[in-house]
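Please read the structure below before turning to the comments.
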Amino acid sequence: HAVNTDLYTKAEEFIRLFYYEQQLSGVEDRLDEIRQSIDEEGTYTHTSTELEFGAKVAWRNSNRCIGRLFWDTLRVFDARHLDTPEAMRDALYDHIDYATNGGRIRSTITIFKPETEEHQVRLWNHQLIRYAGYEENGTVTGDPASVGFTKRCQQLGWQGEGTAYDILPLVIEADHEQPQWFEIPQEKILEVPLRHPDFDWFKDLKLKWYAVPIISDMRLEIGGLNYTAAPFNGWYMETEIGARNLADEFRYDLLPAVAEAMGLDTRRNASLWKDRALIELNQAVLHSYQTDGVNIVDHHTAAKQFQRFEQKENKCGRQATGDWTWLIPPVSPAATHIFHSSYENRMDSPNYFYQTPAYE
Ligand code: HEM
Ligand SMILES: N/C(=N/c1cccc(CO[C@@H]2CCNC2)c1)c1cccs1
């Protein structure tokens with residue numbers, strides 16, 4: 001019926017892409033196998049090499065990602081055989097250790113079993129490592145973006161210390177059963193205390209951020225199969241921390257504090273105090289991560305790398321798709337070639353997609 005035909009059509013498109021790009025023979029035999037599996041069981045199973053190729057090409061197709069030059073270096077861990085929350089927890093611990101690698105961050109994805117009519121695995125975390133947010137009569141301690149998830153974790157029985165930098169627990173929901181939460185051992189969390197190369201007072205703000213961003217709430221679609229739990233990490237671009245996470249009014253809202261400490265006139269927009277504070281905050285992020293040997297990329301270097309990705313795609317007979325509104329960095333966008341370029345925002349498959357929140 002319609003759904004299965006739809007599944008076979010998507011499977012065929014992916015398999016033909018895989019055999020073409022990897023210059024493999026025997027595609028018709030593989031397609032017969034898949035068609036039989038779908039007819040008999042309503043689904044099919046990717047080989048490990050198909051899975052790895054799918055995850056890499058999904059990154060290559062991620063229109064909002066400026067970091068795609070390195071799409072082919074992704075390390076793929078196949079965790080489809082894991083069946084218990086404890087086993088999945090251990091795989092997530094291993095992912096954090098492998099990806100962190102003492103600061104020499106390795107781009108990694110761990111892929112749990114795809115959803116079927118009977119089961120679905122979901123990670124409730126937006127990122128495996130993230131700070132809690134506690135709302136007390138109008139003021140927030142920690143990350144305002146985490147207030148909702150923090151409340152859910154408390155309802156599940158988790159208790160944080162109430163600081164601005166509490167690491168949230170892993171929350172794993174398997175097969176529509178009661179979600180289970182697990183603390184991440186502190187020694188697995190690499191963090192960077194923020195200091196400025198020229199302003200000695202900067203360290204007195206007592207700011208820090210975590211080393212490795214690991215997105216855990218997106219759906220990886222490959223050949224019609226949905227991997228609803230497939231956490232992936234790269235390294236940060238400094239503006240994500242210095243121009244958004246620590247700067248947005250609805251996040252840590254630190255521009256006034258930095259500007260005051262710089263002695264800027266924060267009463268007049270035209271003093272450009274926000275812009276001067278932004279540059280120094282981003283400079284502190286870059287300086288701190290680089291000094292501690294934790295991978296990070298500045299937005300100019302990242303744009304250059306993206307330009308090389310575009311050129312490399314053209315050499316392979318492809319044209320890089322992109323979402324211009326996300327690809328331009330939030331600091332000095334017009335100082336990059338991206339601002340002066342245009343991109344088709346076509347969603348090719350395999351790809352990473354948003355999914356309905358696992359909790360509300
Ligand atoms: C290796 C270093 C990487 C860097 C520096 C990088 C950089 C970025 C940045 C700055 C964004 C925009 C995020 C935002 O504005 O909130 C982004 C988006 C994205 N990246 Fe990358 N990325 C990297 C690796 C990866 C990897 C390994 C994957 C997946 C395998 C990936 C998939 C994506 C996706 C799906 C988005 C869009 C997320 C959304 O729509 O919310 N990136 N990337
Ligand atoms: N540097 C990164 N940045 C991000 C990549 C994807 C998503 C995000 C966070 O997106 C949130 C949702 C919309 N803005 C914030 C950040 C990476 C995380 C995982 C691999 S690379």
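Just so it is clear, the values below take in all heavy atoms, side chains as well, and ignore hydrogens, waters and symmetry mates. Counting convention: from 1, in listed order, for ligands and their atoms alike.
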Could you tell me whether N233 approaches ligand 1 through its side chain, its backbone, both or neither, with non-hydrogen atoms closer than 4.0 Å?
backbone
Taking side chain to side chain contact (heavy atoms under 4.5 Å, CB included) as the criterion, tell me which of E238, M237, Q290, K304 meets it with D298.
E238
Atom 24 (C) of ligand 1 sits nearest the protein heavy atom W59 CZ2, 3.3 Å
Is Y236 in polar range of ligand 2, meaning some N or O pair under 3.5 Å apart?
no
The closest protein heavy-atom partner of atom 18 (C) of ligand 1 is R64 O, 3.7 Å
Which atoms of ligand 1 are found less than 4.0 Å from any heavy atom of S107?
1 (C)
When you measure from the heavy atoms of W326 to every atom of ligand 1, does any distance fall below 4.0 Å?
yes
Any salt bridge linking K56 with E52? Criterion: basic side-chain nitrogen under 4.0 Å from a carboxylate oxygen.
yes
Against heavy atoms of N233, which atoms of ligand 2 measure under 4.0 Å?
19 (C), 20 (C)
Ligand 2 atoms nearer than 4.0 angstrom to some heavy atom of W235 are 1 (N)
Shortest protein contact, atom 7 (C) of ligand 1 (heavy atom only):
I66 CG2, 3.8 Å
Applying side chain to side chain contact (heavy atoms under 4.5 Å, CB included) between Y289 and each of V285, L286, D292, report the one that passes.
V285
Checking R68 against F309: charged group under 6.0 Å from the ring centre and within 45 degrees of the axis?
no
Which of the numbered atoms in ligand 2 are under 4.0 angstrom from any heavy atom belonging to G234?
19 (C), 20 (C), 21 (S)
Atom 17 (C) of ligand 2: the protein heavy-atom neighbour that sits closest, reported with distance to 0.1 Å
P213 CG, 3.9 Å
Evaluate the side-chain proximity of E260 to T266: yes if any heavy-atom separation is below 4.5 Å, no if none is.
yes
Does CG in D32 sit with more than 12 non-hydrogen atoms of other residues, nucleotides or ligands closer than 6.0 Å?
yes
Per-atom contacts of ligand 2 with I215, taking only distances under 4.0 Å to non-hydrogen atoms:
6 (C), 7 (C), 8 (C), 9 (C), 18 (C), 19 (C)
Using a strict cut-off of 4.0 Å, indicate which atoms of ligand 1 neighbour a heavy atom of Y354.
39 (C), 40 (O), 41 (O)
Option of least heavy-atom distance to atom 5 (C) of ligand 1 (set: W235, F306, F353):
W235
Is E12 salt-bridged to R30, going by a charged N under 4.0 Å from an acidic O?
no
Taking atom types as modelled, is there a side-chain donor on T325 or D323 under 3.5 Å from an acceptor on the other?
yes
Using non-hydrogen atoms of the residue, decide whether Y352 is closer than 4.0 angstrom to ligand 2.
no
Atoms of ligand 2 close to F232 [distance to a heavy atom under 4.0 angstrom, numbered from 1]:
19 (C), 20 (C)
Indicate, as side chain, backbone, both or neither, the part of Y352 found under 4.0 angstrom from ligand 1 when only non-hydrogen atoms are considered.
side chain
Please determine whether any non-hydrogen atom of A302 lies less than 4.0 Å from an atom of ligand 1.
no
Closest heavy-atom approach to atom 22 (N) of ligand 1 among G234, C65, P330 is made by C65
Indicate, as side chain, backbone, both or neither, the part of E240 found under 4.0 angstrom from ligand 1 when only non-hydrogen atoms are considered.
side chain
Contact atoms of ligand 2, heavy-atom distance to W326 under 4.0 Å
13 (C), 14 (N)
With under 30° as parallel and over 60° as perpendicular, where do the rings of H196 and F199 fit, or are they tilted in between?
parallel
Look at the rings of W209 and Y131 and say which category their plane angle falls in: under 30° parallel, 30 to 60° tilted, over 60° perpendicular.
perpendicular
What is the minimum heavy-atom distance between I105 and G234, and which atoms define it?
CG2-O, 3.3 Å
W273 vs M262, test: side chain to side chain contact (heavy atoms under 4.5 Å, CB included). Steps then yes/no.
CA-CA 9 Å; W273 63 271; M262 289 171 67; over 6 Å; no
Identify the closest protein heavy atom to atom 3 (N) of ligand 2: which residue and atom is it, and at what distance?
E240 OE1, 2.6 Å
W71 near ligand 1 by a heavy-atom separation under 4.0 Å
no
For atom 32 (C) of ligand 1, grab the closest protein heavy atom and report residue, atom and distance to one decimal in Å.
F232 CE1, 3.6 Å
Should you measure from each heavy atom of H126, which atoms of ligand 2 turn up under 4.0 Å away?
9 (C), 11 (C)
Heavy atom of protein closer than 4.0 angstrom to atom 15 (C) of ligand 2:
no
How about F232 and Y352: are their ring centroids closer than 6.0 Å?
yes
Does R106 CZ have over 12 foreign heavy atoms under 6.0 Å away?
yes
Evaluate the ring planes of Y210 and Y236, with Trp represented by its six-membered ring, and classify them as parallel (under 30°), tilted (30 to 60°) or perpendicular (over 60°).
tilted
To check your reading of the model: name the closest protein heavy atom to atom 35 (C) of ligand 1, its residue, and the distance in Å.
S62 OG, 3.6 Å
Specify whether W158 and Y134 have parallel, tilted or perpendicular ring planes, treating 30° as the upper limit for parallel and 60° as the lower limit for perpendicular.
parallel
